[in-house]
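When a ligand or atom number is given, it counts from 1 through the structure's own listing order. The figures that follow rest on heavy atoms only: side chains count, while hydrogens, waters and symmetry mates do not. For this chain, numbers begin at 1 and follow the sequence in order.
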Amino acid sequence: MRTQKKLRRSGAKIMASLILLLGSLAYIMALAVINGSIGFICAMGVTVFGAVGVAKALGEAIALSYGLIIALTIGCGVLRGLLRYLEQYSNHYIAFKLLAVLRDKIFGALRILCPAKLESKQKGSIIAMITSDIETLEVFYAHTVSPICIAVTVSIAVLLAVGFISSWYLSLVALIAYLMIGIIVPMISSSRLKESGVRYRAEFASFNAYFLDSIKGVKDIVLNNAGIEREQEVNRRSELLLKETKKMKHASTRAAAATELTVSLFIIAALAVGITLVHFNMLTIGKMIIGVVAVFGSFGPVIAISALPSNLTQTFASGDRVLDLLAEKPAVLQINNSNDITYENLKVTDLSFSYDSQIQVLQDINMHARCGEIIGIIGESGCGKSTLLKLLLRFWQKGSGEIAYNGIDIDDINSDNLLDNVTMVSQSTYLFDETIEDNLRIARPDASSDELEQACRLASVHDFIMSLPEGYKTQVGALGDNLSAGEKQRIGLARAFLKGSELILLDEPTSNVDSINEGIILKALKEQKSKKSIILVSHRDSTMAIADRIYRVKDGKMQEVKV
Ligand SMILES: Nc1ncnc2c1ncn2[C@@H]1O[C@H](COP(=O)(O)OP(=O)(O)OP(=O)(O)O)[C@@H](O)[C@H]1O
Ligand SMILES: [Mg+2]
């Protein structure tokens, strides 16, 4: 069973943090609140001035002429429309502007966290975060903060107006009604709705992640004839999601019904109080009509906030996840104001590393490399070869020991500069659904066509690219599935050649290529080596044959072996 995710922050903390993100947009929010409040009071004005007209007809001493009353009624209606437009405009301006800011922040956070922290994060939940979580926050900014402020402002204005013009008893009834409708009833329903929003979002993210994962792995599902089981699991999760959706909808419908009932009861109460006051001659009938009509018309903003909890629980869950990601500490910190180098040599001394401070992957490793050398690294699967390469790129923070480039420790070299000096072709190259040329240019955007071609020749992939219908302009299929593993691998290699870094780390560069292409690639590597260091991880003896020196990793230790 999956454990249910609890909110890590309180609702108030989430709201405060989200409002803090408003920054300089706060004044537009204030504008939205002012427009909304005056707008609603204008809307009330239409009926209240109607009531004033009726009161005057009943003999109430009212200083306004009928003409003026009609003009004020129409004026209120027109102004209401205009202010409503301005309010909605400001709210959505803030919401969408903020969504852009939030997306930017999330991408910024992902950029700092990657690649280390993203290895463990479910990609599906990140996609859910970028799409639906942020959309949910739009609701918060456009339809939560200002309705609350508007409800408070309008309620206070109505209480005072009714008190001064009509009766303070009616104001008291209105005050109790506002507290019941806006706070007490929603609190009771929100205790029922509690966590159902969180569960729904969690189920939604989990379903998304599982579904996306299944689509990505559809080939392996077919190969293992595991379609039925997979489908059953998709159905099971879909049922769970549906159940959570139903529960949530059920709870919010009940909450809405409770609010409607409370409003009706208070309308009857206000009328009863008004009639009683008239009966005991404490209020004229005209003033009673004005006061009661004003109270009747004033519930809109509090009803709006009573509908918030069902949204709010979802908003809090979304906000919590987004804030979590923004607060997540990266595995490595970016280094900016330190040393820049031009790679000449590498020396690793007594390097130890573990992913979770429990199982030691590498222990007191020593190795070195200098320009003009090809270094081979061999060892059983899972012994830590790829891990070592990732440490050389500072994808993870090393434990004890030293990784020194030109005698400078890796932690004292600017991150961008390090990635300019060192490049890696990993075990799996990702190709974007763009053209082959775009995919190559990611290594060096300003490369000329000749340089592209030269890199592809070195990686033994130029002829293949030219055989495609549109050559370098050919679109790579989604997920790069249209290309074979070997072709992808060679494009990855071409990227590395194009980048022109002085230290090239190759993780199994020839595992998927035939011996002819392997020969071409190895020849290219040999030609490159005079100016560069190449560190090569491979299980293939034929590939290892080009290494000048070879290290073997075993049980976390590394030893140089005779070639
Ligand atoms: N992000 C990670 N978090 C925790 N453990 C990890 C992580 N990445 C790798 N490991 C573990 O670290 C060990 C070394 O993995 P690594 O990928 O370096 O092996 P390798 O020598 O490259 O294997 P192969 O030859 O199969 O590519 C493995 O036991 C692996 O399960
Ligand atoms: Mg590996």
Those residues at least two apart in sequence (or on a different chain) that pass side chain to side chain donor-acceptor pair (under 3.5 Å) with His539 are Glu508

Any N/O pair Gly384/ligand 1 closer than 3.5 Å = yes

Apply side chain to side chain donor-acceptor pair (under 3.5 Å) to Asn366 and list each qualifying residue two or more places apart in sequence or on a separate chain.
-> Asp350

Which of Leu431, Asp438, Leu468 passes side-chain contact (heavy atoms from CB on, under 4.5 Å) with Val476? Answer is Leu431

Is the backbone of Asp433 close enough, under 3.5 Å, to the side chain of Gln475 for a donor and an acceptor to pair up by distance?
-> yes

Quick one: does Glu451's side chain have a donor or acceptor within less than 3.5 Å of a partner on Ser448's backbone?
-> yes

Residue portion contacting ligand 1 (non-hydrogen atoms closer than 4.0 Å) for Trp396 | side chain

Return yes if a side-chain donor-acceptor contact under 3.5 Å exists between Glu502 and Ser533, otherwise no.
-> no

List every atom of ligand 1 that sits less than 4.0 Å from any heavy atom of Thr387, numbering the atoms from 1 in the order shown and giving each element.
-> 14 (C), 15 (O), 16 (P), 18 (O)

Counting no waters, what protein N/O/S atoms lie under 2.8 Å from the Mg ion (ligand 2)?
-> Ser386 OG, Gln427 OE1

With Lys473 via side chain to side chain donor-acceptor pair (under 3.5 Å) - residues at least two apart | Glu437

Are any of the N or O atoms of Glu508 closer than 3.5 Å to those of ligand 1?
-> no

Given Phe211, Phe204, Tyr210, the one that forms ring pair (Phe, Tyr, Trp, His ring centres under 6.0 Å) with Phe207 = Phe211

Looking just at side-chain N and O atoms, do Asp411 and Gln397 make a donor-acceptor pair shorter than 3.5 Å?
-> yes

Is Gly382 in polar range of ligand 1, meaning some N or O pair under 3.5 Å apart?
-> yes

Checking heavy atoms under 4.0 Å, the part of Lys390 that sits near ligand 1 is neither

